[in-house]
**Q** 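Sharing a structure, written as structure tokens. Questions coming.
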Protein chains: 2
Amino acid sequence: MRTQPAVECSIQRTLDLIGDRWTLLILRDLFRGVRRFSRIQEDLGIAKNLLTDRLGTLVDAGIVEKVPYQERPVRHEYRLTEKGRALSPSLLALMRWGDRYVSGGLAPTELVHDECDTRLELQPWCTTCNVPVAPTDISSRPGPGRHIGTEDTRV
Amino acid sequence: MRTQPAVECSIQRTLDLIGDRWTLLILRDLFRGVRRFSRIQEDLGIAKNLLTDRLGTLVDAGIVEKVPYQERPVRHEYRLTEKGRALSPSLLALMRWGDRYVSGGLAPTELVHDECDTRLELQPWCTTCNVPVAPTDISSRPGPGRHIGTEDTRV
DNA sequence: AGGAGTCAGTTTCGATTTTCAACCAACCGC
DNA sequence: GCGGTTGGTTGAAAATCGAAACTGACTCCT
């Protein structure tokens, strides 16, 4: 995995952890309830050694835990921890984008607002102004940490 | 890139397009206002041939467009299209997760609302009612597409 | 006009990763 | 004992990546 000296950005840190070609798909399967090694392997078509490796990384990172679901023979399944479940907005956001821009508007599964029964979007939301914020009204700036660059950061 | 017969899932389709080790970081740079080939290259430390390749893929996919910012010599920069800008919730979600679970609650870089200069959160948003929706007011249902699996999909 | 510099790449080639297939071990049911 | 399932490991071939050298169009400087 890439190593960068003192990475300043949470996106980069996140992607260093789960941003390879398979990991987010593995997590998607876990969200969908596909939790066993062999089921994930056949569902994704991933090579077994890679699946072993990726699951190990996820377990080490505390995103997934390996829990026995039977004794004799001991068999394990992989379950999302709270940390892993917290990735659901990320996966949802990727799904919604794919629904709209790659799958041609078709949504295999959708989340709906109870009251009006229409589909939900994920929106950046300003808790101060209490309004949704368009990408063009977003800037990035250094947080409590150090500053990175000084150029125009508007989209 | 991986090819699967008739992929049913928008997450997979999305990741097939932008789910490699560099593309989301390139997009992050574009969101941050780093738009020139050489600036992206030095910022990420990506090999130039790979950057050429990834930017080409993004342009082909209509996520990014190559626009000249000067003549003589012709120089281009890469700008997000509307399709590309629509990925902001995904990147924001990944960033917020990283802030909390990888960066130890600290946000090295934060996205702020231009108008009021405060940090943004991601909220499920109902476009019909025009309100943010709490998790308790959300249901899921199969969309217009086909169903994928029938097992327990609870986390 | 000559020389140095910048930007955006392309080419080359060795190193790393991924894939594919075979093998393995523990256990089960028959 | 025999075949089957689960959850892996091992090793070789193929694909991908990374670092550095090179290119070409054009600047600016003198």
Side-chain angles (χ1 to χ4, degrees), chain A residues 1-5 7 12 15-27 29-30 33-60 64-80 149 151-152, chain B residues 1-5 7 12 15-27 29-30 33-61 64-80 151-152:
Chain A
M1 199 146 271
R2 223 160 42 253
T3 48
Q4 229 105 4
V7 180
Q12 184 155 0
L15 293 176
D16 280 346
L17 203 54
I18 59 167
D20 72 292
R21 235 191 285 289
W22 291 110
T23 300
L24 282 167
L25 287 173
I26 294 169
L27 291 169
D29 269 11
L30 296 177
V34 179
R35 287 188 266 264
R36 313 247 250 255
F37 186 93
S38 55
R39 305 278 288 104
I40 298 170
Q41 196 259 316
E42 79 191 66
D43 183 63
L44 298 184
I46 183 179
K48 294 161 122 203
N49 52 353
L50 271 196
L51 181 56
T52 302
D53 184 85
R54 296 297 179 271
L55 284 171
T57 302
L58 287 171
V59 169
D60 289 348
V64 159
E65 57 191 347
K66 191 174 180 176
V67 298
Y69 64 88
Q70 67 172 43
E71 305 286 333
R72 324 203 57 74
V74 187
R75 294 263 190 271
H76 299 92
E77 63 180 15
Y78 295 89
R79 280 184 173 267
L80 293 164
E151 50 192 310
D152 170 25
Chain B
M1 201 146 270
R2 225 160 40 254
T3 47
Q4 228 104 5
V7 180
Q12 184 155 357
L15 293 176
D16 279 347
L17 203 54
I18 59 167
D20 73 292
R21 236 191 285 290
W22 291 111
T23 300
L24 282 167
L25 287 173
I26 294 168
L27 292 169
D29 269 12
L30 296 178
V34 180
R35 287 189 267 263
R36 314 246 251 252
F37 187 92
S38 55
R39 306 280 290 108
I40 298 171
Q41 196 258 317
E42 81 191 66
D43 183 63
L44 297 183
I46 182 178
K48 293 160 124 202
N49 52 352
L50 283 191
L51 181 54
T52 301
D53 184 83
R54 296 298 179 272
L55 284 171
T57 302
L58 288 171
V59 169
D60 289 348
V64 159
E65 57 191 349
K66 192 175 180 175
V67 298
Y69 63 88
Q70 67 171 41
E71 304 289 335
R72 322 205 58 73
V74 186
R75 294 263 191 271
H76 298 92
E77 63 179 15
Y78 295 89
R79 282 186 171 267
L80 294 162
E151 47 194 311
D152 172 23

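Reminder, nothing fancy here: chain letters follow the sequence lines and each chain counts from 1.
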**Q** Just so I know, are the side chains of B:D43 and B:L25 near enough to count as touching, which here means a heavy-atom distance under 4.5 Å?
**A** no
**Q** What residues, two or more places apart in sequence or in another chain, satisfy salt bridge (Lys or Arg N to Asp or Glu O under 4.0 Å) together with A:E65?
**A** none
**Q** From CG of A:L51 over to P of C:dT19, roughly how many Å is that when rounded to an integer?
**A** 11 Å
**Q** Figure out the NE2/P separation between B:H76 and D:dC26, and round it to whole Å.
**A** 12 Å
**Q** Within the structure, does a side-chain N or O atom of A:R35 lie under 4.0 Å from either OP1 or OP2 of D:dT6?
**A** no
**Q** What integer distance in Å separates B:L44:CG from D:dA19:P?
**A** 13 Å
**Q** Send over the distance from B:F37 CZ to D:dC26 C1', rounded to a whole Å.
**A** 17 Å
**Q** Report yes if at least one side-chain N or O of B:Y69 is closer than 4.0 Å to OP1 or OP2 of C:dA8; otherwise report no.
**A** yes
**Q** Is there a side-chain polar atom (N or O) of A:T52 under 4.0 Å from OP1 or OP2 of D:dG8?
**A** no
**Q** Given C:dT18, is OP1 or OP2 found less than 4.0 Å from the side-chain N or O atoms of A:R54?
**A** yes
**Q** If you compare every side-chain N and O of B:K48 against the phosphate oxygens of C:dT12 (OP1, OP2), does one of them come in below 4.0 Å?
**A** no
**Q** Hey, which sits more toward the 5' end of DNA chain C by its nearest nucleotide, A:N49 or A:R75?
**A** A:N49
**Q** For residues B:Y78 and B:L30, report the shortest heavy-atom separation together with the two atoms involved.
**A** O-CD2, 3.4 Å
**Q** Measure from NZ or CZ of A:R35 to the centre of the six-membered ring of A:Y69, then state whether that distance is under 6.0 Å and the direction lies within 45° of the axis.
**A** no
**Q** Counting just side-chain N and O atoms, does B:R36 come under 4.0 Å of either OP1 or OP2 of C:dG9?
**A** no
**Q** Take atom CD of A:E42 and atom C1' of D:dT5, then tell me their distance rounded to the nearest Å.
**A** 12 Å
**Q** If each of B:L50 and A:S38 is mapped to the nucleotide of DNA chain D with the nearest heavy atom, which maps nearer the 5' terminus, i.e. the 5' end?
**A** A:S38
**Q** Whether B:Y78 contacts C:dC7 is assessed here as follows: a side-chain N or O lying under 4.0 Å from the phosphate OP1 or OP2. Is that the case?
**A** no
**Q** Give a yes/no answer on whether the side chain of B:W22 brings an N or O atom under 4.0 Å of OP1 or OP2 in D:dG18.
**A** yes
**Q** Consider the side chain of B:A47, meaning its heavy atoms from C-beta on, and name the nucleotide among D:dC17, C:dT17, D:dG18 that approaches it most closely.
**A** D:dG18
**Q** What is the distance from CG of B:D20 to P of C:dT17, rounded to the nearest Å?
**A** 15 Å
**Q** Grab the CZ-C1' distance between B:R21 and D:dG18 for me, whole Å please.
**A** 12 Å
**Q** Roughly how many Å is it from CZ in A:R39 to P in D:dG8, rounded to a whole number?
**A** 16 Å
**Q** In Å and rounded to the nearest 0.5 Å, what is the CD1 to CG distance from A:I26 to A:L50?
**A** 8.5 Å
